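Being a predicted model, the structure only gives us computed values, none of them experimental. In what follows, every heavy atom counts, from backbone to side chain, and hydrogens, waters and symmetry copies are set aside.
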Amino acid sequence: MQSFTRDALSWYISQNPKKWENWMSMASNFMDRSRFNTENAPDVFYIQNLKKEPTETFREYDTHWRSEAAKVRPPLEEEQMNKFFIRAQDPQYYERLMVIENHKLSDVIKLGERIEEGIKSGMVTNFEALQATNKPCNQGAFRRRRKWVS
């Protein structure tokens, strides 16, 4: 009871302790009330599609991603976490991180931060920015070719 916080604490405070015969009946009642949390746990498909927000640093994204991955049932082994974390990355990260998929997650995070520094400094190509720049150029070239052919 002393370890309850937030919703669990609110639930406990609103209960009448006299309705429970023993600790097991209270625990059973609590589990019945909270079971939806285990039934709605995220799965691997959810965490694979959990993308980094443009405003997040790689470290913030890692922390957010791992907190969600910790909720996956059944729990993931570290090797699986690495695999799914790398698969969730944008192309500029994925391409470079997939070569160390079998390393510790801490190594993957360190490399991800170095890639992020490289993107910010211009030393690493940001594929999304490159695609955004090339899209209008390609569309213009297509229109010109089409007019020339006609």
Exercise. Near Lys51 NZ, under 6.0 Å, is it more than 12 heavy atoms from other residues, nucleotides or ligands?
Worked result: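 Yes - once you tally the heavy atoms of other residues, nucleotides and ligands closer than 6.0 Å, there are more than 12.
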For this session: Starting at CD of Gln48, measure out to CD1 of Ile86 and round the result to the nearest 0.5 Å.
Result: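 One finds 11.5 Å between CD of Gln48 and CD1 of Ile86.
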For this session: Enter the distance from Thr57:OG1 to His64:NE2 here, rounded to the nearest 0.5 Å.
Result: 12.5 Å
For this session: Determine whether Leu97 and Leu111 make a side-chain contact, defined as any pair of heavy atoms from C-beta on separated by less than 4.5 Å.
Result: yes
Exercise. Under a 4.5 Å cut-off applied to non-hydrogen side-chain atoms, are Gln89 and Tyr61 in contact?
Worked result: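 In contact.
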Sidechain-backbone polar pair: [X] side chain, [Y] backbone, donor-acceptor under 3.5 Å:
{"X": "Ser28", "Y": "Met24", "result": "no"}
{"X": "Arg114", "Y": "Lys110", "result": "no"}
{"X": "Trp65", "Y": "Ile47", "result": "yes"}

Distance-minimising heavy-atom pair for [X] and [Y]:
{"X": "Arg96", "Y": "Gln92", "answer": "NH1-O, 2.7 Å"}
{"X": "Val44", "Y": "Leu76", "answer": "CG1-CD2, 3.8 Å"}
{"X": "Val108", "Y": "Ile100", "answer": "CA-CD1, 3.7 Å"}

For this session: Scan for ring-ring contact (aromatic ring centres under 6.0 Å, His included) pairs involving residues 96-117, sequence neighbours excluded, and state none if there are none.
Result: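 Not a single pair qualifies under ring-ring contact (aromatic ring centres under 6.0 Å, His included).
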For this session: Can you sort out the partners of Phe84 under ring pair (Phe, Tyr, Trp, His ring centres under 6.0 Å), two or more places apart, ordered by chain and number?
Result: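 Here no residue qualifies.
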Exercise. Can you pull the side chain to side chain donor-acceptor pair (under 3.5 Å) pairs that have at least one residue in residues 74-85, sequence neighbours excluded?
Worked result: none
Exercise. Are Val72 and Phe45 joined in one hydrophobic group, where the rule is that I, L, V, M, F, W and Y side chains link up if heavy atoms are under 4.5 Å apart?
Worked result: yes
Exercise. When the ring planes of Tyr93 and Phe58 are compared, do they come out parallel, tilted or perpendicular, using 30° and 60° as the limits?
Worked result: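 If you compare the ring of Tyr93 with that of Phe58, the planes turn out parallel.
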For this session: Apply side chain to side chain contact (heavy atoms under 4.5 Å, CB included) to Ser25 and list each qualifying residue two or more places apart in sequence or on a separate chain.
Result: Trp20, Glu21, Asn22
Problem set entry | Any pair counted as salt bridge (charged side-chain N to carboxylate O under 4.0 Å, His left out), so long as it reaches residues 52-69, sequence neighbours left out |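 Listed once each, the pairs are Arg59-Glu113, Asp62-Arg66, Glu68-Lys71.
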